[in-house]
Amino acid sequence: MLGNCFTLFMATMAVICSVGSAYDPDPLQDFCVAVDDSKAAVFVNGKICKDPKFVTPNDFSISGLNRVGNISSLVGSAVTKVFVDQLPGLNTLGISLVRIDYAPYGLNPPHIHPRASEILVVMEGTLYAGFITSNPQNPNMRNKLFAKILHPGDVYVFPKGLIHFQYNVGKGNAVAFASLNSQDPGIITLANALFGSEPPLNSDVLAKAFHLDRKIIKYLQSVPWMQN
């Protein structure tokens, strides 16, 4: 009986710990508005807290998400972030928001958020969106793609840390909003990171990893890789 109780206890704790690690830690105060002031006394989640006496409604508000982003980039999309650096009141709250604009056939390139899951809702246009699973334990199996066509009002979830993307398959512009369960989810765009790092990654490493000629790798490393 004692052994069964201990097993149940450990299983319960495992579930609690797994849930607790799925998002940013809970704050121990009502809020901690981030401020660029080295004289402030409290430092939480990598940000200095603004003295509550000087906090205003503006610390919890931001404007501009009604405006279309600059979609003239090479990939044809623009991400307008509302992370803690844009909205200081998000500090310790464990949430953030983005607006994504897509030109016709524009792409939000394959990327990951190392610290957050994401839920996306399409507001306008038609998107092909999906994510790729982590490496399977069976070496004979491949990573699995989960993707589908999304229309206005459709919602899609991208699990934390998995490669995901959105591609506008329509002839007109598209718009989506996404929420993430971290004040600063982090973004790693795969192509940019691998071919545009500073200093450059050894071309032999990339050539072997991608089964490509070293000259192709050198070319890819020579072209500009801009953040979306």
Side-chain angles (χ1 to χ4, degrees), residues 19-73 75-103 106 108-109 111-125 127 129 150 152-161 164-166 168 173-189 192 226-228:
V19 172
S21 63
Y23 45 80
D24 289 348
D26 287 336
L28 298 180
Q29 65 263 30
D30 288 340
F31 53 80
C32 170
V33 175
V35 62
D36 186 15
D37 182 4
S38 60
K39 296 180 180 179
V42 183
F43 192 77
V44 180
N45 284 19
K47 297 291 182 181
I48 300 168
C49 295
K50 190 174 186 179
D51 189 328
K53 297 193 297 291
F54 303 116
V55 171
T56 71
N58 290 335
D59 292 316
F60 303 97
S61 175
I62 191 171
S63 300
L65 288 188
N66 60 319
R67 294 193 290 268
V68 178
N70 182 7
I71 53 178
S72 62
S73 66
V75 294
S77 70
V79 179
T80 304
K81 298 186 295 185
V82 184
F83 293 176
V84 65
D85 286 340
Q86 290 77 38
L87 183 56
L90 286 178
N91 194 41
T92 76
L93 300 186
I95 54 173
S96 58
L97 180 72
V98 296
R99 169 181 172 139
I100 313 170
D101 291 285
Y102 313 80
N108 188 14
H111 62 282
I112 67 172
H113 300 294
R115 296 184 289 275
S117 298
E118 175 181 349
I119 184 167
L120 175 140
V121 57
V122 179
M123 306 300 294
E124 178 183 332
L127 297 179
L150 304 177
D154 289 347
V155 173
Y156 208 77
V157 172
F158 306 108
K160 177 181 177 180
H164 60 284
F165 64 91
Q166 304 99 39
N168 181 9
N173 290 354
V175 181
F177 284 85
S179 180
L180 303 102
N181 63 333
S182 172
Q183 67 183 40
D184 187 6
I187 305 170
I188 303 174
T189 305
N192 297 33
M226 303 179 65
Q227 296 296 329
N228 189 24

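Just so it is clear, the model here is predicted, and its values are computed rather than measured. Just so it is clear, the values below take in all heavy atoms, side chains as well, and ignore hydrogens, waters and symmetry mates.
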Option passing side-chain contact (heavy atoms from CB on, under 4.5 Å) with Leu120 (candidates Ile100, Val155, Val98)
Ile100

Please tell me if the side chains of Glu118 and Val157 come closer than 4.5 Å, counting only heavy atoms from C-beta onward.
no

How would you list, by chain and number, every residue that makes a side-chain hydrogen bond (donor to acceptor under 3.5 Å, both in side chains) with Ser72, sequence neighbours excluded?
Asn70

Shortest non-hydrogen contact from Asn173 toward Ala103:
OD1-CA, 3.8 Å

Are any of the side-chain heavy atoms of Leu65 and Phe177 separated by less than 4.5 Å?
yes

Val79 side chain near Ile187 side chain, heavy-atom distance below 4.5 Å
no

Rounded at 0.5 Å granularity, tell me how far OG in Ser117 sits from NE2 in His164.
9.5 Å

If we ignore hydrogens and angles and just use 3.5 Å, is the side chain of Ser96 paired with the main-chain N or O of Ser182 as donor and acceptor?
yes

Residue pairs fulfilling salt bridge (charged side-chain N to carboxylate O under 4.0 Å, His left out) with at least one residue in residues 55-69, sequence neighbours excluded
Lys50-Asp59

When rounded to the nearest 0.5 angstrom, what distance separates OG in Ser179 from CG in Leu97?
6.0 Å

Partners of Asp85 by side-chain hydrogen bond (donor to acceptor under 3.5 Å, both in side chains), sequence neighbours excluded?
Lys47

Value for CG (Leu127) from CG (Leu150), rounded to nearest 0.5 Å, stands at 6.0 Å

Looking only at heavy atoms, what is the nearest atom pair of Gly89 and Leu93, with distance?
O-CD1, 3.1 Å

For residues 90-100, the salt bridge (charged side-chain N to carboxylate O under 4.0 Å, His left out) pairs (sequence neighbours left out) are Arg99-Asp101

To the nearest 0.5 Å, what is the distance between CG (Asn91) and CD (Gln183)?
4.5 Å

Enter the distance from Asn58:CG to Leu87:CG here, rounded to the nearest 0.5 Å.
10.5 Å

Nearest 0.5 Å, what's the CZ-NZ distance between Arg115 and Lys160?
9.5 Å

Check ring pair (Phe, Tyr, Trp, His ring centres under 6.0 Å) between Phe83 and all other residues, then give those that pass, not counting sequence neighbours.
none

Can you check whether Val75 reaches Asn108 side chain to side chain, under 4.5 Å on heavy atoms?
no

Over all heavy atoms of both residues, which pair between Pro185 and Ala116 is shortest? Give the atoms and the distance, please.
CB-CB, 3.5 Å

Indicate the atoms forming the closest heavy-atom contact of Ser77 with Ser73, along with that distance.
O-OG, 3.2 Å

Who passes salt bridge (charged side-chain N to carboxylate O under 4.0 Å, His left out) against Asp154, sequence neighbours left out?
none

Can you see which heavy atom on Phe60 is nearest to which on Val55, and at what distance?
CE1-CG1, 3.4 Å

With the side chain counted from C-beta on, respond yes when Gln166 and Phe158 share a heavy-atom pair under 4.5 Å apart, and no when they do not.
yes

